[in-house]
Each structure stands twice: as C-alpha cells, then as structure tokens.
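One structure below.
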There are 2 protein chains.
Amino acid sequence: MQNDPRFDSDIPQPDTHLCHQQSGMSISRVDFTDRSTIIPVMNTSVDTKQRIIDSAQELIYARSYTDVGVQEICNRAGVKKGSFYHFFPSKRDLTLAVLDQLEQFFRDSVQDNAFSSDRSPLERIDRLIELIYEFQRQTREDSGQILGCPFGNLAGEMSTQDEQIRQRVMHIFRGIEARIAESLEDAIATGELADINVQASAEAIFAYIEGIVLIAKARNDPEVIRKLGKAVRGLMVPATMVKE
Amino acid sequence: MQNDPRFDSDIPQPDTHLCHQQSGMSISRVDFTDRSTIIPVMNTSVDTKQRIIDSAQELIYARSYTDVGVQEICNRAGVKKGSFYHFFPSKRDLTLAVLDQLEQFFRDSVQDNAFSSDRSPLERIDRLIELIYEFQRQTREDSGQILGCPFGNLAGEMSTQDEQIRQRVMHIFRGIEARIAESLEDAIATGELADINVQASAEAIFAYIEGIVLIAKARNDPEVIRKLGKAVRGLMVPATMVKE
DNA sequence: CGGGTAGTAGACCGGTCAGTTAAATTTGGG
DNA sequence: CCCAAATTTAACTGACCGGTCTACTACCCG
C-alpha cells in the first residue's frame with residue numbers, strides 16, 4: 001500500500017474525504033481566476049469507476065459539461081486517461097452515468113424526504129421547495145456560489161448538443177413531475193385541494209421550480225427560492241373553465 | 001469588389017442574407033454529427049465588428065458559450081482572428097456586446113409588441129408569453145430545435161464561470177421584470193387586478209416564464225410554452241396574508 | 001505454476017483553444 | 001498626393017481537446 005504508485009505521483013493528495021453518495025455534491029470555495037485549485041483531488045480508496053463518476057459530477061455541476069475536460073476529471077479522480085476509457089467509451093457516456101447517480105441522489109435525499117407521508121399532500125410540495133432552497137443555500141455557503149439545478153444546467157447547455165443527454169434529462173424531469181402529480185392526487189383525495197388538472201399543474205409547478213432556481217443562480221442568491229417559492233400554490237390549473 | 005480576397009478564400013460563401021437586427025436569430029437545420037456545416041457563413045457587406053457580433057450571437061445561442069470558439073466565430077463572419085482581437089479584447093467582451101444586442105432585440109421585437117397599450121394590462125402578459133412561444137416555435141421550425149432563452153442559457157452556463165456575464169444577465173432579467181411589474185401596476189390601477197405584491201408577482205411570473213422555456217427546450221417542444229403559459233395568472237402574490 | 005483478464009500507465013493522434021505579434025494593406029483627411 | 005490612423009492578414013504561442021494505442025501489472029482460477 002505504501003508503494004502504491006498513486007501515492008508518490010505528482011497529483012496532489014486529497015485533504016477531504018468525499019463520499020460519493022452523501023457529500024459528493026460539495027465543493028470548495030470558488031476563485032474565478034484560478035480554477036485549477038478550486039476543488040481538491042479525491043480520496044483514492046473508492047474504486048476507480050466510482051471516483052471518476054464522482055469527480056465528473058462535481059466538476060460538471062460546478063462549471064459545465066463543455067468546460068470540464070476528461071483530463072481534468074481524471075486528475076481530480078487520481079486516475080490516468082487510459083483507465084477512464086477502460087470504464088467509459090466516451091465523455092458523454094460518463095455524463096449519462098453521472099445523471100443516473102444524480103437522479104438517485106435526488107430521489108434519496110430530496111424526494112423521499114419531501115414526499116414522506118407525515119405531511120399533508122400540499123405541504124409536501126412546500127417541503128420540496130424548502131429542501132431545494134436548503135441545498136442551494138448550503139452549496140452557496142460552501143463554494144461561494146449557487147450552482148443551480150444539475151439537471152436544468154445540463155438541459156440548458158446540452159439539449160441542442162447531445163440528443164441522448166437531452167432525453168435522459170427529460171426523463172428525469174418526467175419522474176419529478178410524476179411525484180408532484182402524486183401529491184396533487186393525494187391532495188384532491190383528502191379534500192385538501194379542489195379538482196384540478198393534475199398533470200398540467202404538476203408540470204407547471206415543476207417548471208416554476210426550475211425557473212426560480214435558475215433566477216437564484218443568476219442572482220447568486222438562494223433566498224430567491226424561498227421568497228418566490230411561496231407563490232407555487234397559485235399554479236394549480238383548474239380542471240374546467242368553470243369557476244365556483 | 002470582384003477581386004476582394006474574401007471571395008476566393010476557402011471560406012464557403014453565404015447562401016442567406018442575415019440582417020443583424022431582425023433575422024439575426026435564425027439558423028439552419030441542425031445536424032448533431034457535423035456541426036461545421038450547420039450554419040452558413042454570413043454576408044460580408046456589413047461592417048466587420050457587426051458581423052462578428054452577429055456570428056457570435058447565432059453560434060452561442062444555438063450551442064453554448066464554451067462550445068463555440070473564437071476561430072469558428074471568425075470563420076462564420078468571414079474575418080481573421082487578428083481582426084477579431086482588434087475589435088474585442090476578449091471572448092467575454094464580445095459576449096457582453098452580444099448581450100447588449102440581444103437585449104435590444106428583445107426590447108424591440110418582443111417587449112414593445114407585448115406591452116403596447118392597445119391591450120389590457122393583464123393581456124399584455126399573456127401576449128408576452130405568446131410572442132415567446134411564437135419565437136421558439138419558429139426557431140424550432142427553422143433549425144429543428146428549440147434553443148431556449150438566450151439569456152437563461154447564458155445564466156445557467158456562465159453564472160458560476162464569469163462574474164461580469166452573470167451580472168449583465170441579471171441586469172437584463174431585472175429589466176424584463178420591471179416591464180412585467182409595470183403591467184401589474186396598470187392592472188391594479190384599472191381595477192383589472194386586486195391589490196397584490198407587484199414586485200414579488202413580477203419576479204414570480206418571470207421565473208415561471210424562464211422555467212417553461214427551459215422545460216420546452218428539454219422536451220424540444222414549443223407547445224409546452226403555450227400549454228403551461230396559461231397558468232401564469234395564478235402567480236399573483238397577495239399583498240397581505242389576509243384573505244378576502 | 002501457467003495463463004487469461006481486468007485494470008492501469010503513459011505516450012501519442014490530429015485538431016482546437018484563447019490570445020499575441022508584427023507586418024501589410026486600406027482608408028480618409030489635409 | 002501623402003501620411004497617419006484604422007483595419008486586416010497570417011503566422012505563431014503554449015496549452016489543451018477527446019480519444020486511441022500498446023505495453024505492463026496484478027490478480028484470479030485451474
């Protein structure tokens with residue numbers, strides 16, 4: 001273990017241990033002028049493929065798909081480029097793997113928390129926005145910047161560039177909309193909500209969330225999410241044009 | 001004119017004439033596999049600086065800031081790189097000029113149309129969404145793809161990357177919100193709308209628009225804007241917590 | 001012990017990146 | 001017509017791009 005060649009390579013060793021599942025989204029404070037030292041290299045104890053995914057996830061989320069190179073992902077993961085292309089046929093395929101992991105992370109950390117049944121159906125949507133706010137506030141505190149929605153970022157950058165990535169993101173969007181729709185169904189069932197167009201309302205609510213997160217990123221201010229999030233209940237789409 | 005060296009260079013000549021002010025946003029049909037021939041080179045009759053701005057605007061809007069290189073912008077404009085750096089100190093400064101032009105374009109073609117006083121204040125907001133829908137539908141028809149909001153795209157990609165660009169986009173956002181806020185004020189004045197929190201409502205409406213345009217881009221379907229746009233009137237934020 | 005295989009290393013491919021430099025050319029005013 | 005300023009040209013820098021290739025190591029199974 002001591003003579004592991006990785007330990008005396010020229011790659012700086014990690015000063016933080018980032019578990020890919022929980023804290024894999026955190027990065028260090030950003031310095032616009034020197035991006036090479038923004039994010040420390042990772043711990044090398046996790047298996048190589050996972051380290052590559054984690055490295056890519058953090059770098060691409062903090063910057064963008066196009067701005068981050070394969071070489072930089074490898075450096076951060078403490079892996080040589082040959083190994084990278086042993087595990088992934090292309091940068092795009094790596095990104096699809098990153099999207100899988102991010103979707104899982106979002107389900108485990110955000111959705112399962114927000115949509116737990118210890119809240120009334122409509123409170124779950126408020127809770128979803130609160131959790132997103134808290135997440136963005138935390139990354140802003142850690143890195144000095146709001147990084148926005150990792151799916152929305154890729155949708156905006158890559159939808160015109162890579163059809164597979166676009167479809168993967170679209171599919172993730174559908175899944176989130178479906179969870180919101182479930183809550184709306186429940187709200188109608190419990191009488192918390194009048195009869196509405198569930199599908200259209202869920203899509204509108206999700207679009208609004210993506211919008212406020214993007215505005216928050218543009219202003220670099222997480223409070224936008226909290227403030228504008230309060231208006232989300234207005235987005236219920238009536239089932240008919242008849243007003244009661 | 002015949003012996004203009006540009007006419008026997010290896011740069012393919014334009015087959016369309018793109019005026020920078022009106023039709024400068026249109027591009028040809030996209031082919032994911034061969035991006036070098038997506039967009040034809042421009043007419044060389046306009047002055048160089050303007051051609052560079054137009055070329056950059058179209059390329060960056062269709063793809064992304066990072067993905068488009070200075071060389072490609074120059075090729076499309078029929079200009080050598082040295083000329084580029086005669087007019088612009090950097091790629092970023094060119095992008096700021098592009099943002100200026102896009103803001104002007106949006107004001108002239110969208111805002112001034114939507115917010116004209118021949119409609120009731122609230123209808124102006126519906127009209128704004130209609131115009132955005134129509135614009136996105138048109139680019140989808142022309143290029144095969146929804147390109148989304150040029151400001152939102154740059155906000156998502158560049159907010160963490162370039163502070164000047166982030167602030168420029170944020171300022172443009174503020175301007176649009178202000179126009180929406182004006183309409184809401186008018187709506188209250190004419191009695192079309194009950195008393196609401198104008199500023200918060202304007203911000204919520206704008207965030208929602210950005211959100212639905214982003215979702216439309218992710219689905220590559222302009223109809224999303226039309227469909228979800230109908231729910232925008234629900235986003236008025238009550239002035240107080242008191243319900244009447 | 002032999003041999004197959006998963007994983008790793010590092011050089012290498014053609015091409016592009018943003019930006020620089022210096023010289024040549026065009027332009028417009030006196 | 002001449003000169004100077006504005007503009008354009010083309011070669012160039014050093015770094016980096018995504019991806020390929022071959023050789024080598026480490027480990028597992030028989």
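The analysis underlying the following values was restricted to heavy atoms, covering all of them including side chains, and did not include hydrogens, waters or symmetry mates.
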Which whole-number value in Å describes the distance from A:Leu94 CG to D:dG19 P? 10 Å

Taking all non-hydrogen atoms of both residues, which atom of B:Asp221 and which atom of B:Ile146 are closest, and how far apart? C-CD1, 3.8 Å

Do the side-chain N or O atoms of A:His86 get closer than 4.0 angstrom to the phosphate oxygens (OP1, OP2) of C:dT8? no

Between B:Arg63 and A:Glu157, does any side-chain N to carboxylate O distance fall below 4.0 Å? no

How many whole angstroms separate atom CD1 of B:Ile73 from atom P of C:dT16? 15 Å

Once hydrogens and angles are ignored, does a donor-acceptor distance under 3.5 Å link the base of C:dA18 to the side chain of B:Lys81? yes

Distance check needed: C:dA18 P versus B:Asp162 CG, whole Å only. 13 Å

Think B:Thr48 has a side-chain N or O under 4.0 angstrom from the OP1 or OP2 of D:dT7? no

Should the side chain of A:Lys91 and the base of D:dG19 be counted as holding a donor-acceptor pair, with the cut-off at 3.5 Å? no

Less than 6.0 angstrom from the centroid, inside 45 degrees of the normal: does B:Lys91 satisfy that with respect to the ring of B:Tyr65? yes

Between A:Tyr65 and B:Ser83, name the one whose nearest nucleotide on DNA chain D is closer to the 5' end. B:Ser83

Tell me whether the OP1 or OP2 atom of C:dG10 has a side-chain N or O from A:Lys80 closer than 4.0 Å. yes

Can a cation-pi geometry be assigned to B:Lys49 and B:Phe84, taking NZ or CZ under 6.0 Å from the six-membered ring centre and within 45° of the ring axis? no

In whole Å, I'd like the distance from the CD atom of B:Gln71 to the P atom of D:dC17. 19 Å

D:dG18 C1' sits how many Å from A:Phe87 CZ, rounded? 19 Å

So what does A:Gly82 touch, heavy atoms closer than 4.0 Å: a base, only the sugar-phosphate, or nothing? base

Going by heavy atoms in the side chains, are B:Glu130 and B:Glu134 under 4.5 Å from each other? no

Interatomic distance, A:Phe84 CZ vs C:dC12 P [rounded to whole Å]: 22 Å

Please pick, from D:dT8, D:dG19, C:dA18, the nucleotide with the shortest atom-to-atom distance to any side-chain atom of B:Tyr85. C:dA18

Length of the CD-P vector between B:Glu72 and D:dC17, whole Å: 18 Å

Roughly, in whole Å, what's the span from CG in A:Asp93 to C1' in D:dG18? 13 Å

